[in-house]
Trainee: 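Handing you this structure, nothing more for now.
Indexing begins at 1, ligand by ligand and atom by atom, following the structure's order.
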Amino acid sequence: MDRMAAEQQIIKLKKRIEEESRHYYIEDNPQITDQEYDQMMRELQDLEDQWPDMVSPDSPTQRVGGMPLPFFEKIVHTTPMLSLGNAFDENDLRDFDRRVRQGLGNQSVRYVCELKIDGLAVSLRYENGLFVKGATRGDGTTGEDITQNLRTIRSIPLRLPEPITMEVRGEAFMSKFAFDRLNKERAEREEALFANPRNSAAGSLRQLDPKIAASRTLSTFIYQIGEIDGRQIDSHSEGLTFLEQLGFSVNQERRTFDEIEEVIQFVQSWTIKRPELSYEIDGMVIKVDSFAQQQELGFTAKSPRWAIAYKFPAEEAVTQLKDIEVS
Ligand SMILES: NC(=O)c1c(N)nc(OC2CCCC2)nc1O[C@@H]1CCC[C@@H]1O
């Protein structure tokens with residue numbers, strides 16, 4: 001195969017692999033067999049070995065980085081990654097709604113209600129459409145640069161369909177199935193077990209060797225646009241739809257409501273349906289949808305006045321005690 005043909009074939013393979021990855025990791029609906037996928041990856045790897053100058057950072061062969069790092073660099077977030085105030089019962093949600101309506105001088109309010117994914121908050125930076133940097137939340141202002149570990153997560157696009165410069169935030173997590181499988185493997189190797197999926201996701205992303213992170217099946221749900229060049233987005237729900245169009249994994253269980261009583265019904269329904277999910281949630285997040293209204297409401301010292309986390313009642317206390325971090 002001559003250079004021109006190789007270049008065309010590499011472009012074609014990257015496009016096909018990208019599409020199949022989205023079907024498999026984002027839509028959870030694979031269109032080809034694992035063997036066919038592996039075959040395409042092998043063909044791409046062979047071509048890149050023959051034509052090394054044709055390897056680009058967004059190639060799926062470049063997800064698992066090189067050498068383990070000696071330590072993680074610190075990163076200061078361009079905009080702080082906020083924490084959330086908590087609501088523990090329905091009346092706390094009604095109080096939140098009252099504060100919001102007072103703050104808005106009794107305008108009508110639309111809420112977006114989301115599952116609160118029980119994982120590790122991460123920030124992803126894209127420049128001209130390329131994934132360039134990823135960090136843990138840290139203390140909300142300064143996090144750790146875990147770019148090479150985040151690159152191994154298949155649901156994180158290495159390149160966006162448009163050359164956008166933006167930052168997005170979301171939760172990296174491990175599904176219940178992946179968690180059970182990992183602990184089974186660790187038990188067989190007589191290694192300490194992870195107490196829960198959140199700890200196993202955090203422990204996996206804090207591995208200095210990207211090959212270990214790559215061996216752990218991690219997922220993401222992206223839930224916020226940080227800064228973004230140019231584009232005009234007026235509401236949180238619009239932002240989430242935009243994130244989906246860019247190929248991010250965005251949780252589908254979100255709903256919008258105009259009354260807090262409807263939010264309360266929805267929250268109660270998930271308190272019951274929670275065990276059916278393939279991943280762990282520790283509550284719900286309720287946000288004022290309009291960005292103009294979010295701006296009007298502003299922030300307290302550490303969290304937005306326009307959002308609140310409803311925390312599900314803790315399961316029997318003993319499960320909380322087990323929650324001891326393993327390395
Ligand atoms: N864990 C979640 O599913 C989640 C979510 N669905 N939405 C947000 O919204 C952010 C942006 C505005 C304030 C918090 N945050 C979430 O988790 C955060 C990460 C750190 C504190 C909260 O747990």
Side-chain angles (χ1 to χ4, degrees), residues 75 77-88 93 96 99-100 110-124 134-144 146 150 155 166-175 196-199 201-202 205 218-228 233 235-244 248-257 263 266-267 270-271 273-274 277-312 314 323:
I75 292 191
H77 299 300
T78 42
T79 47
M81 290 180 70
L82 303 164
S83 60
L84 282 166
N86 288 327
F88 295 99
L93 290 176
F96 167 69
R99 291 196 301 273
V100 162
R110 167 155 295 181
Y111 291 116
V112 179
C113 206
E114 303 169 2
L115 302 184
K116 188 170 182 301
I117 311 304
D118 193 5
L120 186 80
V122 292
S123 176
L124 310 175
T136 61
R137 178 170 170 270
D139 62 7
T141 306
T142 307
E144 289 178 320
I146 54 165
L150 289 168
S155 60
M166 69 189 295
E167 254 176 52
V168 299
R169 273 86 195 267
E171 206 82 358
F173 65 94
M174 190 177 280
S175 70
N196 54 51
R198 175 170 47 77
N199 280 8
L205 284 175
L218 291 169
S219 311
T220 57
F221 283 127
I222 304 301
Y223 53 63
Q224 186 191 21
I225 295 174
E227 62 158 51
I228 179 165
I233 298 173
S235 72
H236 178 61
S237 41
E238 229 182 282
L240 293 177
T241 305
F242 182 56
L243 287 169
E244 277 172 334
F248 288 105
S249 167
V250 180
N251 194 279
Q252 297 301 304
E253 304 302 340
R254 62 190 187 275
R255 294 285 182 282
T256 55
F257 300 107
V263 169
F266 186 64
V267 165
W270 277 107
T271 309
K273 286 193 294 185
R274 183 181 177 193
L277 289 167
S278 62
Y279 46 86
E280 289 200 348
I281 62 173
D282 60 344
M284 307 293 284
V285 183
I286 298 99
K287 301 168 184 175
V288 168
D289 194 25
S290 151
F291 283 160
Q293 292 184 333
Q294 290 186 7
Q295 195 116 33
E296 213 173 317
L297 288 164
F299 304 85
T300 66
K302 61 181 179 49
S303 52
R305 288 199 184 88
W306 42 266
I308 197 161
Y310 174 85
K311 303 288 279 190
F312 290 137
D323 187 359

Trainee: Please state which part of R169 comes within less than 4.0 Å of ligand 1, counting heavy atoms only: side chain, backbone, both or neither.
Mentor: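 Under 4.0 Å from ligand 1, R169 contributes no heavy atoms.
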
Trainee: For ligand 1, which atoms, with element, lie under 4.0 Å from some heavy atom of Q224?
Mentor: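 Per the distance check, 11 (C).
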
Trainee: Give the minimum heavy-atom separation between A135 and L150, together with the two atoms involved.
Mentor: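 Looking at all heavy atoms of both residues, the shortest contact is N-CD1, 3.8 Å.
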
Trainee: So is M81 in contact with ligand 1, going by heavy-atom distances below 4.0 Å?
Mentor: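 It does not, in that no heavy atom of M81 comes within the 4.0 Å cut-off of ligand 1.
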
Trainee: Any side-chain heavy atom of R198 sitting closer than 4.5 Å to one from L120?
Mentor: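 No; the side chains remain at least 4.5 Å from each other.
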
Trainee: Measuring only between side-chain heavy atoms, which start at C-beta, is I146 closer than 4.5 Å to V122?
Mentor: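 With C-beta onward as the side chain, the pair touches.
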
Trainee: At the 4.0 Å heavy-atom cut-off, does L115 count as touching ligand 1?
Mentor: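 Right, L115 reaches ligand 1.
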
Trainee: Describe, in one word, how the ring planes of Y111 and F96 are oriented to each other, choosing from parallel (under 30°), tilted (30 to 60°) and perpendicular (over 60°).
Mentor: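 Aromatic pair Y111/F96 classed tilted.
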
Trainee: Give a yes or no on whether a salt bridge exists between E114 and K287, defined as a side-chain N under 4.0 angstrom from a carboxylate O.
Mentor: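 Judged by the 4.0 Å cut-off on N to carboxylate O distance, E114 and K287 do form a salt bridge.
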
Trainee: What about E114: any of its N or O atoms under 3.5 Å from an N or O on ligand 1?
Mentor: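 So ligand 1 has an N or O lying under 3.5 Å from an N or O of E114.
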
Trainee: Among all protein non-hydrogen atoms, which one is nearest to atom 3 (O) of ligand 1, and what is the separation to 0.1 Å?
Mentor: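 In this structure, atom 3 (O) of ligand 1 has I117 N, 2.8 Å as its nearest protein heavy atom.
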
Trainee: Please list the nearest protein heavy atom to atom 23 (O) of ligand 1 with its residue and the distance rounded to 0.1 Å.
Mentor: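 Atom 23 (O) of ligand 1 sits closest to the protein heavy atom K116 NZ, 3.2 Å.
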
Trainee: With side chain to side chain contact (heavy atoms under 4.5 Å, CB included) as the test, pick out the partner of I222 among L240, L124, N251.
Mentor: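 In the set L240, L124, N251, the residue that makes a side chain to side chain contact (heavy atoms under 4.5 Å, CB included) with I222 is L124.
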
Trainee: Less than 3.5 Å between some nitrogen or oxygen of K287 and one of ligand 1, yes or no?
Mentor: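 The answer is yes, given that K287 and ligand 1 share an N or O pair closer than 3.5 Å.
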
Trainee: Please report the C-alpha distance between S155 and T220 in whole Å, then the side-chain angles of each, then the deciding distance to 0.1 Å, and finally whether the side-chain hydrogen bond (donor to acceptor under 3.5 Å, both in side chains) criterion is met.
Mentor: CA-CA 6 Å; S155 60; T220 57; 2.7 Å; yes

Trainee: Check each atom of ligand 1 against the heavy atoms of R137 and keep those under 4.0 Å away; list them by number with element.
Mentor: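 Result: 20 (C).
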
Trainee: Just to be sure I read this right, does ligand 1 sit under 4.0 Å from the backbone of A307, its side chain, both, or neither, counting only heavy atoms?
Mentor: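 For A307, there is no contact with ligand 1 at all, from either part.
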
Trainee: For W306, state whether at least one heavy atom is located under 4.0 Å from any atom of ligand 1.
Mentor: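 Yes, that is the case, since the closest heavy atom of the residue is under 4.0 Å from the ligand.
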
Trainee: At their closest point, which heavy atom of Q294 faces which heavy atom of W306, and how far apart are they?
Mentor: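 Smallest heavy-atom distance, with atoms named: O-CD1, 3.3 Å.
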
Trainee: For atom 21 (C) of ligand 1, find the nearest protein heavy atom and state the residue, atom name and distance (0.1 Å precision).
Mentor: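 Sorting protein heavy atoms by distance from atom 21 (C) of ligand 1 puts L82 O, 3.9 Å first.
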
Trainee: Could you check atom 13 (C) of ligand 1 against the protein and tell me its nearest heavy-atom contact, residue, atom and distance included?
Mentor: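 Answer for atom 13 (C) of ligand 1: L84 CD2, 3.6 Å.
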
Trainee: To check your reading of the model: name the closest protein heavy atom to atom 4 (C) of ligand 1, its residue, and the distance in Å.
Mentor: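 Result: Y223 CE2, 3.4 Å.
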
Trainee: For the residue pair T79 / E167, report whether a side-chain donor-acceptor contact shorter than 3.5 Å exists.
Mentor: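 No donor-acceptor contact under 3.5 Å links the two side chains.
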
